[in-house]
Amino acid sequence: MAFSSILYSPTQFTLPRPHLHRRSRPISIAAAIPPLTSAADISAVAEALDNTTIAVIGGGSVAALAAVLSLADPEKRRQMQAEEVGGGDKEVVREYFNNDGFQRWRRIYGDTDDVNKVQRDIRLGHSKTVENVMKMLLDEGPLSGVTVCDAGCGTGCLSIPLAKEGAVVAASDISAAMVAEAEKGAREELFKGTDSPPPGIVLPKFEVSDLESLNGKYHTVICLDVLIHYPQSKADAMIAHLASLSEDRLILSFAPKTFYYSLLKRVGELFPGPSKATRAYLHSEADVERALNKVGWKIRKRGLTTTQFYFSRVVEAVPA
């Protein structure tokens, strides 16, 4: 997920001037902290970033930034998270989205005013991704009767619009709290106070499951904003498994790995926020495409959703 503008934070780095013949006097360099990452960890720093003041990174501050980055140890923090929940990435994600993460992201994905500026922008970005995916699907024709697997459904932001278009949706998430919220929202949206949805509309089938445990066959498989929680080695296996579930089309979204976004993420790891979040991984488009090609799929369409704090690459793949 990329950016259209820049948020700055008054982070101060203090370095001595490199003049050996005179007494060193500290200088203060205000570093720009542009939007950080696109998933759970940006929400954790949102409160710290909101309503802050800004200054652009100066030409002489690159060394200062590098020095500070070298002192950070995000991998140690990640290991501590995993140890606390007794597992790896999957266990960290499950624990987070069943507890603090659920409360935070339910607000972000909802329509209440109980969000700050950063979270509101993330909400906008995610909704744009959903809109873009729906357009991508509908451009191919009506969805009535089309079977769709929404892997990592969250609070149902995509499952519910799919069901409204007549798709037969199997929605799953690793978080039981998210699944319960998604089913509650689907019943409210689709039933509209009645005992059943209108003709032609089927309530999505919701289940608690991680990606690797999903089974069945579907016309279309969709996985939005999930891969950011897993490193490329695990993402490769997930992509292969998702492709095995699809008969016709696979749609993925992920935070693209570029030098710029990698630097922003690295800076963001210096500011983990007031509460713990999941680990965040960027993925290069070439790596995702390579994983698809390896299992006999090719990318047919590409898209990019960008707001100030959200960036998401979307690809649609079909059998090669």
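Keep in mind that the numbers below use all heavy atoms, side chains included, and drop hydrogens, waters and symmetry copies.
By the 4.5 Å heavy-atom criterion applied to side chains, Y109 and E181 are not counted as neighbours. Under the 4.5 Å side-chain criterion, counting only non-hydrogen atoms from C-beta, R249 is in contact with L137. Contact check for L214 versus V221: no side-chain heavy atoms found under the 4.5 Å cut-off. In this structure the side chain of D89 reaches within 4.5 angstrom of the side chain of P231, judged on heavy atoms. Residues L143 and M134 are in side-chain contact: their nearest non-hydrogen atoms beyond the backbone lie under 4.5 Å apart. Using a 4.5 Å heavy-atom threshold, the side chains of K135 and E131 count as separate. In this structure, the side chains of P256 and E285 stay at 4.5 Å or more apart for every pair of heavy atoms. Looking at K90 and K234, their side chains never come closer than 4.5 Å, going by heavy atoms from C-beta outward.
The main-chain N or O of R107 is found under 3.5 Å from a side-chain atom of R123 such that the two form a donor-acceptor pair.
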* To do: Could you please spell out the steps behind the side-chain contact (heavy atoms from CB on, under 4.5 Å) verdict for L252 and L242?
  => CA-CA 10 Å; L252 305 169; L242 291 171; 3.9 Å; yes
* To do: Might you work through the side-chain contact (heavy atoms from CB on, under 4.5 Å) test for D210 and V93, ending with a clear yes or no?
  => CA-CA 10 Å; D210 56 64; V93 172; over 6 Å; no
* Asked: Under the side-chain contact (heavy atoms from CB on, under 4.5 Å) criterion, do L245 and K217 qualify, and how do the steps go?
  -> CA-CA 5 Å; L245 304 177; K217 281 289 184 180; 5.7 Å; no
* Evaluate side-chain contact (heavy atoms from CB on, under 4.5 Å) for R290 paired with D287, printing each intermediate quantity in order. => CA-CA 5 Å; R290 190 178 302 112; D287 286 339; 2.5 Å; yes
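Here the CG atom belonging to D225 is positioned 8.0 Å from the CH2 atom belonging to W105, to the nearest 0.5 angstrom. For the atom pair T305 OG1 and L224 CG, the distance stands at 9.5 Å (nearest 0.5 Å). The structure places CD1 of I201 at 11.5 Å from NZ of K192, a figure rounded to the nearest 0.5 Å. One finds the NE2 atom of H219 at 3.5 Å from the CG atom of D248 (value rounded to the nearest 0.5 Å). Here CZ of F97 is found 5.5 Å from CE of M178. Values are rounded to the nearest 0.5 Å. Distance CZ/F309 to CG/L124: 11.5 Å, rounded to 0.5 Å.
The 12-atom threshold is exceeded at NZ of K301, counting heavy atoms of other residues, nucleotides or ligands nearer than 6.0 Å. Within 6.0 Å of CG on D111 lie no more than 12 heavy atoms contributed by other residues, nucleotides or ligands.
K117 and D121 are not joined by a salt bridge, as no carboxylate oxygen comes within less than 4.0 angstrom of a charged side-chain nitrogen.
The two atoms that bring A177 and F102 nearest to each other are O-CE1, 3.4 Å, heavy atoms only. Between L211 and A151, the closest heavy-atom pair is CD2-CB, 3.4 Å. Here the shortest heavy-atom pairing between L203 and A186 reads CD1-CB, 3.9 Å. Closest of all the heavy-atom pairs between Y310 and T129 is OH-OG1, 2.9 Å. Nearest heavy-atom pair, V295 versus A240, reported as atom, atom and distance to 0.1 Å: CG1-CB, 3.7 Å. Across S159 and P204, no two heavy atoms sit closer than the pair O-CG, 4.1 Å.
When the side chains of ILVMFWY residues are joined at heavy-atom separations under 4.5 Å, either directly or via intervening members, L162 and V146 end up in a single hydrophobic cluster. By the rule that hydrophobic residues join a cluster once side-chain heavy atoms approach within less than 4.5 Å of another member, L190 and V169 end up as members of separate clusters. V226 is connected to I239 through a chain of hydrophobic side-chain contacts under 4.5 Å among Ile, Leu, Val, Met, Phe, Trp and Tyr, so both are in one cluster. Residue F206 is not grouped with residue I222 when hydrophobic side chains (ILVMFWY) are merged at heavy-atom distances under 4.5 angstrom, including chains of intermediate members. L250 and V314 end up in different hydrophobic clusters when Ile, Leu, Val, Met, Phe, Trp and Tyr side chains are linked at under 4.5 Å.
Side chains of Q232 and D236: a donor-acceptor N/O pair is present below 3.5 angstrom, by distance only.
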